[in-house]
Student: 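Below you will find the structure I want to go over with you.
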Amino acid sequence: QVQLVESGGGLAQPGGSLRLSCAISSGSIFGMERMGWYRRDPGKGRDLVAVITSGASTVYADSVKGRFTISRDNANNTMYLQMNSLKPEDTAVYYCNAVIWSKDYWGQGTQVTVSS
């Protein structure tokens, strides 16, 4: 079935940037409703970071507005999260999510660490 694979995580210093990618396995994605990024903060639940709908409208968590940008490349079945002006509190495991035919699909997560 559908598989999501994240990449691009790593270590960045405060104020730095990272770009996360989420590759969706080949196959039919007709019926995709939305895709998004979530993050698991240490000691916290998994929170919404950004969502992009099939119509390309976007929603961002207040904590990342103006710093993160979600986008997609339909031709390559890839979604991105451009992360700028990173802060230590952005440290988390980031998960790619897609809703297709009303079903949730999740990637394995990629670690983002922001530290001096």
Side-chain angles (χ1 to χ4, degrees):
Q1 293 186 316
V2 175
Q3 295 187 63
L4 309 178
V5 180
E6 303 99 330
S7 62
L11 177 65
Q13 63 182 10
S17 298
L18 288 172
R19 191 186 194 192
L20 307 184
S21 299
C22 174
I24 305 172
S25 63
S26 61
S28 176
I29 58 171
F30 182 76
M32 177 179 290
E33 299 172 21
R34 63 184 183 183
M35 299 180 65
W37 291 94
Y38 293 72
R39 65 187 180 188
R40 170 67 166 83
D41 299 313
K44 300 179 180 179
R46 189 155 58 185
D47 299 322
L48 171 70
V49 176
V51 167
I52 185 165
T53 70
S54 60
S57 62
T58 57
V59 177
Y60 295 92
D62 289 341
S63 60
V64 307
K65 286 181 179 178
R67 300 190 297 118
F68 292 7
T69 302
I70 187 171
S71 62
R72 67 188 183 195
D73 183 341
N74 291 331
N76 295 306
N77 284 345
T78 304
M79 180 178 64
Y80 303 96
L81 183 67
Q82 180 66 47
M83 309 165 66
N84 299 136
S85 302
L86 285 164
K87 304 175 180 179
E89 50 263 45
D90 294 320
T91 296
V93 177
Y94 285 70
Y95 297 88
C96 176
N97 167 259
V99 179
I100 305 172
W101 295 115
S102 300
K103 294 180 64 177
D104 273 328
Y105 297 89
W106 294 92
Q108 81 287 353
T110 185
Q111 176 70 236
V112 170
T113 301
V114 184
S115 176
S116 298

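Every value quoted in this text rests on a predicted model; they were computed, and no experiment measured them.
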Student: Drop me the distance from Tyr80's OH to Asp73's CG, to the nearest 0.5 angstrom.
Tutor: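 If we round to the nearest 0.5 Å, Tyr80:OH and Asp73:CG are 5.0 Å apart.
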
Student: Would Leu11 and Gln111 satisfy side-chain contact (heavy atoms from CB on, under 4.5 Å), going step by step from the backbone distance to the final call?
Tutor: CA-CA 8 Å; Leu11 177 65; Gln111 176 70 236; over 6 Å; no

Student: How far apart are the closest heavy atoms of Met79 and Cys96, and which atoms are they?
Tutor: CE-SG, 3.4 Å

Student: To the nearest 0.5 Å, what is the distance between OG1 (Thr78) and CZ (Arg72)?
Tutor: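 Atom-to-atom, Thr78:OG1 and Arg72:CZ are 12.5 Å apart.
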
Student: Under 3.5 Å, sequence neighbours excluded: what are the donor-acceptor pairs made by side chains of residues 12-24?
Tutor:
unit_1: Ser17; atom_1: OG; unit_2: Asn84; atom_2: ND2; d: 2.7

Student: Nearest 0.5 Å, what's the OG1-CG distance between Thr110 and Leu81?
Tutor: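 These two atoms lie 11.0 Å from each other.
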
Student: Between Ser54 and Met32, which heavy-atom pair has the shortest distance, and what is it?
Tutor: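 Shortest heavy-atom contact: CB-O, 3.6 Å.
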
Student: So how far is it from Tyr94 OH to Arg40 CZ, rounded to the nearest 0.5 Å?
Tutor: 13.0 Å

Student: Rounded to the nearest 0.5 Å, what separation is found between the OG atom of Ser115 and the CG atom of Leu86?
Tutor: 12.0 Å

Student: Quick check: do Lys87 and Val114 have side-chain heavy atoms less than 4.5 Å from each other?
Tutor: no

Student: Establish whether Tyr95 and Val112 are linked, either directly or via other cluster members, by ILVMFWY side-chain heavy-atom contacts under 4.5 Å.
Tutor: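 Result: no, two separate clusters.
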
Student: Test of understanding: clusters of I, L, V, M, F, W, Y form through side-chain heavy atoms closer than 4.5 Å, transitively. Do Trp101 and Val2 belong to the same one?
Tutor: yes

Student: Could you go through the salt bridge (charged side-chain N to carboxylate O under 4.0 Å, His left out) check for Lys65 and Asp62 one step at a time?
Tutor: CA-CA 5 Å; Lys65 286 181 179 178; Asp62 289 341; 3.1 Å; yes

Student: Side-chain contact, heavy-atom cut-off 4.5 Å: Gln108 with Glu6?
Tutor: yes

Student: Is Arg34 reaching over with its side chain to a backbone N or O of Ser57, donor-acceptor style, under 3.5 angstrom?
Tutor: no

Student: For the pair Asn97 and Arg46, evaluate side-chain contact (heavy atoms from CB on, under 4.5 Å) and give the outcome as yes or no after the intermediate values.
Tutor: CA-CA 12 Å; Asn97 167 259; Arg46 189 155 58 185; over 6 Å; no

Student: For residues 31-71, which residue pairs qualify under ring pair (Phe, Tyr, Trp, His ring centres under 6.0 Å), counting only residues two or more places apart or in two chains?
Tutor: Tyr38-Trp106

Student: Run the side-chain contact (heavy atoms from CB on, under 4.5 Å) test on Arg39 and Asp90 for me, step by step, so that the C-alpha distance in whole Å, both residues' side-chain angles and the decisive distance to 0.1 Å come before the verdict.
Tutor: CA-CA 9 Å; Arg39 65 187 180 188; Asp90 294 320; 3.0 Å; yes

